Amino acid sequence: MRDTNLFDPLLLELKASGTPMQYARWYGSLYPLADGRVLTAAGIDQNGAGAGPPEIYTPGSGWKTLSKIADWPADWYYPRGFLAPNGKVVIASGSSLFSLDTEAETMDLIGTLPKNTDWTLPWALFDRGRMMMVDDEGGAMVVDVNGATPIVTPIGGPGTNRVWSTATVLADGKVAVTGGSSEDNVLVDTAFSTLIWDPKTNGWTTGASAAKPRLYHSSAILLPDATVLSVGGGSPGPVVNLNAEIYSPPYLFDSSGQRQSRPLINSAPSKVDLGSTFGITVASGRAIQRVTLVRTGSVTHSTNFEQRFLELPFTQDAGSSNVSITLNEGPNVLPIGYYMLFVIDSAGVPSVAKIMKVDASWAKAVDQGQSFTLPTATTVRYGSGSNWVQKTASGSVACNNEFFGANPAPGLTKACEVLAPQAAGVVPGNQPPSGDKLVANEGGSFSMANPSLVSFGADTRWTSKTVSGSASCSSPFFGLDPAPMTAKSCYSDLASAPAPAPAPAPAPAPAPAPAPAPAPGTVLAPEGGTFTVATETLVRYGADTRWISKSVNGTASCTNAYFGGDPAPYTVKSCVAG
């Protein structure tokens, strides 16, 4: 079917949107995007063949086909995936890990998995940029995409009898796996017990058992009262479960099995903005220990593409019913939509949730080429139109390609924006704005006096490389052709170096002795800046306890590219002597 239908929760009605997809999809995936749009991909058509390219649905305006991704490289049946902190959609398929860029319309292989996963096995996005997936041998793995390169960690799993089970993130961040059997929709080694995975220990514990087998077409979802609704399953097949069960997790009971008293959220806003601090009032006989946010879900076939969990920082004065909560996250981490807010007391007991809408709006900080300062860590985005990169920064921020490590819109004038509630803290610098500069057309040569991020490509298809010295604006130099059969160019936000000067006059008298090396601990430059040392000096690059070192003599760039890695992803770094 190509139809798109919308459910009205007020009228309890399902209505046709009037804007069908271009391609019919059965078993297709739906990935929520940062701004409320939805990406659909894969699925099969009425003849059982793979559907066409991915499409994006924009509420109120309909569908756009990502026609440049013509050859879908992943599974056709519900490939697992989620919006990553870098704004791209990470998709796991078989033993491959892909990154899909909705704006550039590209899909690249970014890693491999130690074991296979498929659409019959459960998974859960349990933290910022981290998902747990059960593999086809009964084990599991954690995939972390918070850094520049995915990190995949094999862990113990729930066993081989979890085909068509469902993984549900609980109010405290643990994951409950319910249902399943050893064979596809067959009552063989049927799993009735609930298994709970703890992300802090990677260990599994056994919970209460269900009365009914939950196989193919079963679902499980977290309810606002912190219990899990488990429904359906088995049809067409060995059973037809037109029934439901409620699973109450251990956090609702004391050591003797009695239900514990629960904290109560008396009041909370119905809508909050990313980047804001908001207040709630609570009633609890014990101190509030944690505040968590779980996105409301939509479940089918062992997968919940809406599922997200995040723990929020908060303050509460002793004896006070007022709790102040900070929501200083960007929409790549918390896509706009509806979430359940839980408070958890010192005994680990969660409240009944308040459902609230999380929204986002941006305010311009400065134009490209300028700088500004921020009093606290804040999500900043850099780009133009629909092409942006995001970074959490504090202190001094340079609105340029080098600081953000990317050029999201080569050749276009860009700007830096912060989440609207944080705009009052922006202190602009006094530099004039400056945009990208054409340094060469394809086939030409250029030279960069200092390490600079140079982008090579055309329209929305680009690749970038840090260049210092002479270079060629060509596919061999950049290592690939980002826009085949299309005339390309090279852009940078720093101008190409002028032609070499004529040979100098005879050398003057010997120069004085070089200045001594800087004292250990001296800050040489913030991230994105340059520095010069007169003698060979060991320079550290990073932040807090995360550093990499390199011996430097002369002028250097305080960037990931120069030091060969990012020791502290999504953190503002600096270069320090010694």
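As the structure is a computational prediction, the values presented were derived from the model and not from experiment.
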Check the side chains of [Y] and [X] for a donor-acceptor pair under 3.5 angstrom, ignoring hydrogens and angles.
{"X": "Asn407", "Y": "Lys414", "answer": "yes"}
{"X": "Trp119", "Y": "Thr303", "answer": "no"}
{"X": "Ser394", "Y": "Thr376", "answer": "no"}
{"X": "Trp63", "Y": "Thr4", "answer": "yes"}
{"X": "Thr65", "Y": "Ser67", "answer": "no"}

Examine distances only and state if a side-chain atom of [X] and a backbone atom of [Y] form a donor-acceptor pair shorter than 3.5 Å.
{"X": "Arg25", "Y": "Ala42", "result": "yes"}
{"X": "Ser29", "Y": "Pro79", "result": "yes"}
{"X": "Gln370", "Y": "Gln431", "result": "yes"}
{"X": "Gln422", "Y": "Gly275", "result": "yes"}
{"X": "Ser396", "Y": "Thr373", "result": "no"}
{"X": "Asn328", "Y": "Ala377", "result": "yes"}
{"X": "Thr559", "Y": "Tyr562", "result": "yes"}
{"X": "Asn304", "Y": "Gln307", "result": "yes"}
{"X": "Arg461", "Y": "Asp481", "result": "no"}
{"X": "Asp566", "Y": "Asn560", "result": "no"}

Can you find a heavy atom in the side chain of [X] that is under 4.5 Å from one in the side chain of [Y]?
{"X": "Leu33", "Y": "Val89", "answer": "yes"}
{"X": "Leu100", "Y": "Thr102", "answer": "yes"}
{"X": "Thr537", "Y": "Leu524", "answer": "no"}
{"X": "Leu113", "Y": "Met133", "answer": "yes"}
{"X": "Lys68", "Y": "Asp459", "answer": "yes"}
{"X": "Leu83", "Y": "Tyr31", "answer": "no"}
{"X": "Val272", "Y": "Leu341", "answer": "no"}
{"X": "Pro526", "Y": "Val572", "answer": "no"}

What's the separation between atom [atom1] in [X] and atom [atom2] in [Y], rounded to the nearest 0.5 Å?
{"X": "Phe305", "Y": "Phe82", "atom1": "CZ", "atom2": "CZ", "answer": "12.0 Å"}
{"X": "Phe477", "Y": "Thr463", "atom1": "CZ", "atom2": "OG1", "answer": "11.0 Å"}
{"X": "Phe563", "Y": "Ser557", "atom1": "CZ", "atom2": "OG", "answer": "8.5 Å"}
{"X": "Tyr57", "Y": "Ser17", "atom1": "OH", "atom2": "OG", "answer": "5.0 Å"}
{"X": "Leu109", "Y": "Ile91", "atom1": "CG", "atom2": "CD1", "answer": "12.0 Å"}
{"X": "Thr392", "Y": "Glu329", "atom1": "OG1", "atom2": "CD", "answer": "7.0 Å"}

Do other residues, nucleotides or ligands put more than 12 heavy atoms under 6.0 Å from Tyr338 OH?
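Open.
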Minimum heavy-atom separation for [X] and [Y], please, with both atom names.
{"X": "Arg295", "Y": "Gly337", "result": "NH1-CA, 3.9 Å"}
{"X": "Pro269", "Y": "Phe278", "result": "CG-CD1, 3.8 Å"}
{"X": "Tyr382", "Y": "Asn401", "result": "OH-OD1, 2.6 Å"}
{"X": "Ala24", "Y": "Ala51", "result": "O-CB, 3.5 Å"}
{"X": "Ala74", "Y": "Met107", "result": "CB-CE, 4.2 Å"}
{"X": "Pro85", "Y": "Asn146", "result": "CG-OD1, 3.5 Å"}

Return each pair, listed once, that meets salt bridge (Lys or Arg N to Asp or Glu O under 4.0 Å) where at least one residue sits in [range]; pairs must be two or more places apart or across chains.
{"range": "residues 530-542", "answer": "none"}
{"range": "residues 420-430", "answer": "none"}
{"range": "residues 463-477", "answer": "none"}

When the ring centroid of Tyr27 is compared with that of Tyr77, is the distance short of 6.0 Å?
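Ring centroids of Tyr27 and Tyr77 are less than 6.0 Å from each other.
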Salt-bridge contact Glu55-Arg2 (side-chain N to carboxylate O under 4.0 Å):
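Here Glu55 does not pair with Arg2 in a salt bridge, since their nearest N and O are not under 4.0 Å apart.
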Do Asp75 and Arg80 meet the salt-bridge criterion of a basic N to acidic O distance under 4.0 Å?
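Between Asp75 and Arg80 there is no salt bridge, as every charged N stays at least 4.0 Å from the carboxylate O atoms.
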What do the steps show when you test Thr378 against Val397 for side chain to side chain contact (heavy atoms under 4.5 Å, CB included), and what is the final call?
CA-CA 11 Å; Thr378 300; Val397 177; over 6 Å; no
Under the rule for side chain to side chain donor-acceptor pair (under 3.5 Å), what residues qualify as partners of Lys364, not counting sequence neighbours?
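Here the qualifying residues are Asp367.
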Run the side chain to side chain donor-acceptor pair (under 3.5 Å) test against Glu103 and tell me which residues pass, sequence neighbours left out.
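Expected list: Arg37, Ser386.
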Give the table of side-chain donor-acceptor pairs shorter than 3.5 Å for residues 441-454, with sequence neighbours excluded, one pair per line with atom names and distance.
from   : atom 1 : to     : atom 2 : distance (Å)
Asn441 : OD1    : Ser489 : OG     : 3.2
Glu442 : OE1    : Lys488 : N      : 3.2
Ser452 : OG     : Asn450 : O      : 2.8

